[in-house]
Amino acid sequence: MRREPARGLVQHLPVIFPGLMLTVFFIVPFGTMVAVSFFRRQQGGFYVPDFVLANYARFLTPFFGNVLVFSLYLAIAVAVVSLIIAVPFTYLIARSRRVTQVIWLVALLSILSLSEVIIGFAWSTLLSRTAGITNLLVRVGLMDAPKALVPGFGAVLTGMVYQAMPYAVLVLYPSMVRLDPTLTEAARTLGASPLKAFFTVVLPALRTTLIATLIMAFIFALGSYLLPQILGRPSHWTLSVLITDQALYQSNMPFAAAMAVFLVLVSLALVSLTMFASKKLEA
Amino acid sequence: MERFLSRLYLALVGIFLAAPIVVVTGVSFNEKQNLAFPPQGFSLHWFAEIFISPEWFRALVASVLLAVTSAALAVAIALPLAWFLWRRIAPWAQVFQLLGVAPFTLPPVITALGFLTFWATSGFYGQPWTAVIAHAIFFVTLPLVTLTLGFSSIDRSLTEAAATMGADDRTVFRTVVLPLILPYVVSGYAFAFVLSLNEYIVAYMTIGFVQETLPIKVFNALRYGYTPTMAAVSVLFVAVTAAVFGLIARFGDLPKLMGAMSSKD
């Protein structure tokens, strides 16, 4: 049965339901959000149709400027640390036996799908004073008394790397598996040490994938919402936290929508940057 | 030496990944209501609490219902679309494929806020079914990707043979395509199910003030202090999630599936 163009209503029937669902429940809500970002807020939590730029102008206040800068900084830190851990890790599992690979993949997928709430709770327990890792250090004799490591920036970073690292591994995995093993073999035959082969052959061969992974992990981290709240102080709150706060608790939907639109623009800009960079590198 | 170092590195990452789960599991067995590790005493009371306490049980039921229905709706959207894209030459329909992948690539808060403004404007805000639709759209990417991969792996000469022997489109679909695609339907459903079960922000923004799913309940409980039931719920979630992916790996080709997933990004 060859592929043919669809003719008549009956042959188009299968695409109608999915098309309708995606249009009504993705395009329309998205459009609503963009529209609301230009609406004017009224006292009491309602908003009226209008076209004002005041919601966007509020970004220029130092408070929101700081939150934005912190969100970007945190996302960059998370992406870089995740990549540093994930690259050698993925390389090693991609070269291991199939059964081993599958076990690791199941573990990584499980952690990736795990609720942010649960990851946050687990890390806050692990870093707490009563049940945390410092108790272990005390027992070994490295510390005098157990102490709490949450809330703090280190805790936020650790929790977010925990979440983003499996994601980075899964983005890297296909290219690492497909990587021609003869490349490293050739380098080894010519006298390179395994580490040298890794740095001079494997990494350069994968540079487009590495950049793509870095940016994907960055966008992933940019969306983090619960971990900064559970593991950090209010000064560690990200743009996502602020959007939710404005929408639900300050009842300022237009401002929340404006921040969301801004976040989309940042993400889209980065995605196109990735595509552009990978095209350029391939050329 | 080289082997040893690579083993050591894998072990360290493994410890990093396992540590929080080990501690939470230990904490969930505590006898008294305190946060202590290693656990003091041994009790399965906090696991029973999920089913005995009406509040926790209601949240569990809400979560499972949401995951079961939204994953089904996600598959119902993805299956005809993936089939159509495979069966017909229709470049314009690629738009819908793109739309299906978009919510998953954007930061989740965007989709959540989009739905919040949409349901608030249309007057349905707070209805339990609004979260079902929201999750189905949010996670439609997963069955769409697995099914697209599934269709691409079908040998077209099989369907051609069936058509030559007089089977119409419907018969071909029922007798040839569906049996071949079924494992991909199941894994797509399983992916969407697990992610919906664990999802927080979209559920919170659509029905959070009316109904509590388990992740919402855990977060709310976390604000008011600590109860070991949270640890028990976490252990339950880790177990269910790992079991589902274990089954996908057992019955499907996980490395191939992962390859297909990221080439779509």
Side-chain angles (χ1 to χ4, degrees), chain A residues 1 3-6 14-15 17-19 21-22 25-26 28-30 32-33 36 85 88-89 92 101-102 105-107 109-111 113-118 121-123 125-126 128 130-131 170-171 173-174 177 194 216 219 222-223 225-226 230 240 243-244 247 253 256-257 260 263-264 267, chain B residues 2 6 9-10 13 17 19-21 23-24 27 35-37 77 80-81 83-84 88-90 93 96 99-100 103 106-110 113-118 121 133 137 159-160 163 172 194-195 198 200-201 215 218-219 222 230 234 237 241-242 245-246 249 254-255 258-259 262-263 265:
Chain A
M1 191 173 287
R3 292 181 75 190
E4 301 148 356
V15 86
F17 175 67
M21 288 297 282
L22 288 168
F25 296 116
F26 182 65
V28 176
F30 196 83
T32 314
M33 188 183 77
V36 168
I85 301 175
F89 177 73
L92 292 175
Q101 286 188 25
V102 170
L105 287 179
V106 169
L109 276 170
S110 305
I111 288 170
S113 330
L114 217 51
S115 182
E116 249 192 278
V117 183
I118 288 166
F121 168 65
W123 275 101
T125 310
L126 187 64
S128 69
T130 49
L170 295 176
V171 178
Y173 175 75
V177 170
M216 299 289 294
I219 293 173
L222 206 57
Y225 164 71
L226 284 166
I230 300 174
S240 294
I243 291 173
T244 319
M253 210 84 103
L263 195 59
V264 174
S267 307
Chain B
E2 188 193 332
S6 66
Y9 188 78
L10 287 179
V13 176
L17 294 177
I21 294 165
V23 171
V24 167
V27 164
L35 184 76
F37 187 85
I77 295 171
L81 181 58
W83 179 79
F84 185 82
R88 303 287 175 201
I89 301 169
F96 294 120
L99 278 182
L106 291 171
V109 74
I110 310 288
L113 192 71
F115 274 113
L116 176 61
T117 53
F118 179 69
T121 312
I133 292 181
I137 298 290
T159 53
E160 213 154 311
V172 171
V194 164
L195 279 139
N198 281 287
Y200 175 84
I201 190 159
V218 172
F219 187 59
L222 209 57
M230 294 178 339
S234 306
F237 266 53
T241 307
F245 285 120
L254 201 56
M258 292 331 294
S262 13
S263 65
D265 285 333

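Computation of the quantities below employed the complete heavy-atom set of this structure, encompassing side-chain atoms and omitting hydrogens, waters and symmetry-equivalent molecules. In what follows, chains carry the letters A, B, and so on, assigned in the order in which the sequence lines appear, proteins first and then strands, with residues in each chain numbered from 1.
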### Task
Using a cut-off of under 4.5 Å on heavy-atom pairs, state which of A:Gly223, A:Ser110, A:Ala107 scores highest against chain B.
A:Ser110
### Summary
From the list A:Ile219, A:Val28, A:Leu105, the residue making the most non-hydrogen contacts under 4.5 Å with chain B is A:Leu105
### Query
Of the non-hydrogen atoms in A:Thr32 and B:Phe118, which two are nearest, and what is the gap between them?
OG1-CD1, 4.0 Å
Quick one: of [options], who has the most non-hydrogen atom pairs under 4.5 Å with chain A?
options: B:Pro108, B:Pro20, B:Pro80; answer: B:Pro20
options: B:Ala90, B:Ala19, B:Gly246, B:Pro103; answer: B:Pro103
options: B:Ala249, B:Ser6, B:Ala93; answer: B:Ser6
options: B:Phe237, B:Tyr200, B:Phe96; answer: B:Tyr200

Given side chains that start at C-beta, do those of [X] and [Y] come closer than 4.5 Å, heavy atoms only?
X: B:Tyr9; Y: A:Ile85; result: yes
X: A:Met33; Y: B:Ile110; result: yes
X: B:Thr241; Y: A:Leu109; result: no
X: A:Pro88; Y: B:Val13; result: no
X: B:Phe219; Y: A:Glu116; result: no

#### Entry: Test item: B:Asn198 side-chain N/O and A:Leu114 main-chain N/O as donor-acceptor pair under 3.5 Å
no
Contact part of [X] toward chain A, heavy-atom cut-off under 4.5 Å: side chain, backbone, both or neither?
X: B:Leu17; value: both
X: B:Leu81; value: both
X: B:Phe84; value: side chain
X: B:Leu10; value: both
X: B:Phe115; value: both
X: B:Leu113; value: both

### Message
Just to verify, what does A:Phe89 make a ring-ring contact (aromatic ring centres under 6.0 Å, His included) with, not counting sequence neighbours?
### Response
A:Trp104
Toward chain B, the part of [X] with a non-hydrogen atom under 4.5 Å:
X: A:Tyr225; result: side chain
X: A:Ala257; result: both
X: A:Ser267; result: side chain

### Message
Can you classify the ring geometry of A:Phe26 versus A:Phe30 as parallel (below 30°), tilted (30 to 60°) or perpendicular (above 60°)?
### Response
tilted
### Task
Starting at CD1 of B:Ile137, measure out to CZ of A:Phe25 and round the result to the nearest 0.5 Å.
7.0 Å
